[in-house]
2 protein chains.
Amino acid sequence: MAKHGTLPPLYYPAQEEITVEGVLRALADPVRLAIVRQLAASDREISCSGLTVPVTKSTITHHLSILRQAGVVAGRQEGTTRFNSLRRTDLDTLFPGLLDGVLAAPR
Amino acid sequence: MAKHGTLPPLYYPAQEEITVEGVLRALADPVRLAIVRQLAASDREISCSGLTVPVTKSTITHHLSILRQAGVVAGRQEGTTRFNSLRRTDLDTLFPGLLDGVLAAPR
DNA sequence: GTCGTAGTTCGACAGTCACCGTACTACGCC
DNA sequence: GGCGTAGTACGGTGACTGTCGAACTACGAC
């Protein structure tokens with residue numbers, strides 16, 4: 001077989017596959033909302049360990065996979081680190097105002 | 001005691017008590033999203049039995065109570081009928097763009 | 001090679017949730 | 001009064017979900 005060190009082929013929905021309900025479900029959790037807020041606030045990519053949420057590593061992985069499958073975040077692998085970023089343009093195109101409305105909320 | 005025919009004192013959150021997470025949770029369900037869409041589309045009050053969703057009466061009551069407690073819908077009693085409406089101005093004030101973003105989405 | 005770090009995967013478990021049927025209250029009409 | 005309709009309350013059940021720890025892979029540095 002080919003090289004052994006291939007990245008796991010993570011599934012990312014195409015823009016037209018993203019659904020409102022999936023996005024709402026993904027955002028309807030305090031931990032995931034905190035992750036999205038941090039990604040939006042820094043406006044930079046953040047690694048898993050760079051996120052400050054009160055759960056363990058495996059739970060962060062779980063939440064990120066949900067956000068990824070919903071089309072909310074994208075990830076870029078670099079060595080052993082995965083840098084996560086918001087798919088802001090995709091979301092703004094599909095659901096204009098949604099993300100801003102969520103992020104602008106004080107709570 | 002007073003008159004017997006008092007309405008049940010339903011709890012409605014004040015505008016400043018509405019949270020994004022609560023609203024997102026409330027919207028993150030296909031049945032409730034359908035209810036909200038119908039309320040937004042008709043731009044009129046709709047009774048429980050006027051909603052077309054594929055669940056029984058008791059389940060509709062359950063979903064409406066969730067939407068009510070989240071601050072998404074309001075209800076006006078008239079006889080035995082409860083007319084439900086979207087709290088659009090409250091939501092637009094707190095989370096500008098959120099509701100429109102959700103409703104504008106094709107799916 | 002060895003070690004440490006970054007993430008993922010895999011059960012497992014507790015809590016929540018959507019759903020239903022039934023029983024009940026409240027109102028309007030005959 | 002009795003009956004039908006609108007909606008709520010309650011109890012139960014199956015499914016999903018958020019959480020963890022432990023085991024595992026992958027990469028980089030020494």
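Here the structure is a predicted model, which is why all the values come from computation and not from measurement. The sequence lines fix the lettering, A, B, ..., with proteins before strands; numbering per chain opens at 1.
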For this session: Scan A/Ser47 against the nucleic acid and name what it touches under 4.0 Å (heavy atoms): base, sugar-phosphate only, or nothing.
Result: sugar-phosphate
Between [N] ([atom2]) and [X] ([atom1]): distance, integer Å:
X       : N      : atom1 : atom2 : result
A/Ile35 : D/dG18 : CD1   : P     : 11 Å
A/Leu27 : D/dG18 : CG    : P     : 12 Å
B/Leu67 : D/dG7  : CG    : C1'   : 16 Å
B/His63 : C/dT16 : NE2   : P     : 18 Å
B/Gln77 : D/dG7  : CD    : P     : 8 Å
A/Leu64 : C/dT8  : CG    : C1'   : 11 Å
B/Arg76 : D/dA6  : CZ    : P     : 16 Å
B/Ile66 : D/dG7  : CD1   : P     : 18 Å

Exercise. B/Asp100 versus A/Phe95: any side-chain heavy-atom pair under 4.5 Å?
Worked result: no
Problem set entry | Options D/dT19, C/dA18, C/dG7, nucleotide nearest the side-chain atoms of A/Cys48 | C/dG7
Problem set entry | Results of salt bridge (Lys or Arg N to Asp or Glu O under 4.0 Å) for B/Arg87 - residues two or more places apart only | B/Asp90
For this session: Applying salt bridge (Lys or Arg N to Asp or Glu O under 4.0 Å), name anything that partners B/Glu78, two or more places apart in sequence or on another chain.
Result: B/Arg76
N/O to N/O distances under 3.5 Å, protein versus nucleotides 2-5 of chain D:
none

Exercise. Would a hydrophobic clustering, with Ile, Leu, Val, Met, Phe, Trp and Tyr connected at side-chain separations under 4.5 Å, put B/Leu91 with B/Leu103?
Worked result: yes
Exercise. Would you say a side-chain N or O of B/Arg82 is under 4.0 Å from OP1 or OP2 of D/dT8?
Worked result: yes
Exercise. Taking OP1 and OP2 of C/dT16, is either one under 4.0 Å from a side-chain nitrogen or oxygen of B/Arg25?
Worked result: no
Using only atom types and a distance under 3.5 Å, with no angle test, would you say the side chain of [X] pairs donor to acceptor with the backbone of [Y]?
X       : Y       : answer
A/Arg25 : B/Ala28 : yes
B/Thr59 : B/Val55 : no
B/Tyr12 : B/Gly75 : yes

Problem set entry | Which residues share a side chain to side chain donor-acceptor pair (under 3.5 Å) with A/Thr52, sequence neighbours left out | A/Gln38
Problem set entry | Test side chain to side chain donor-acceptor pair (under 3.5 Å) applied to A/Glu17 - qualifying residues, sequence neighbours left out | A/Tyr11
For this session: Within residues 55-62 of chain A, find the residues that approach DNA chain D with a heavy atom at under 4.0 Å, and present them sorted by residue number.
Result: A/Val55, A/Thr56, A/Ser58, A/Thr59, A/His62
Exercise. When you match B/Pro54 and B/Glu78 each to their closest nucleotide on DNA chain C, which lands nearer the 5' end?
Worked result: B/Pro54
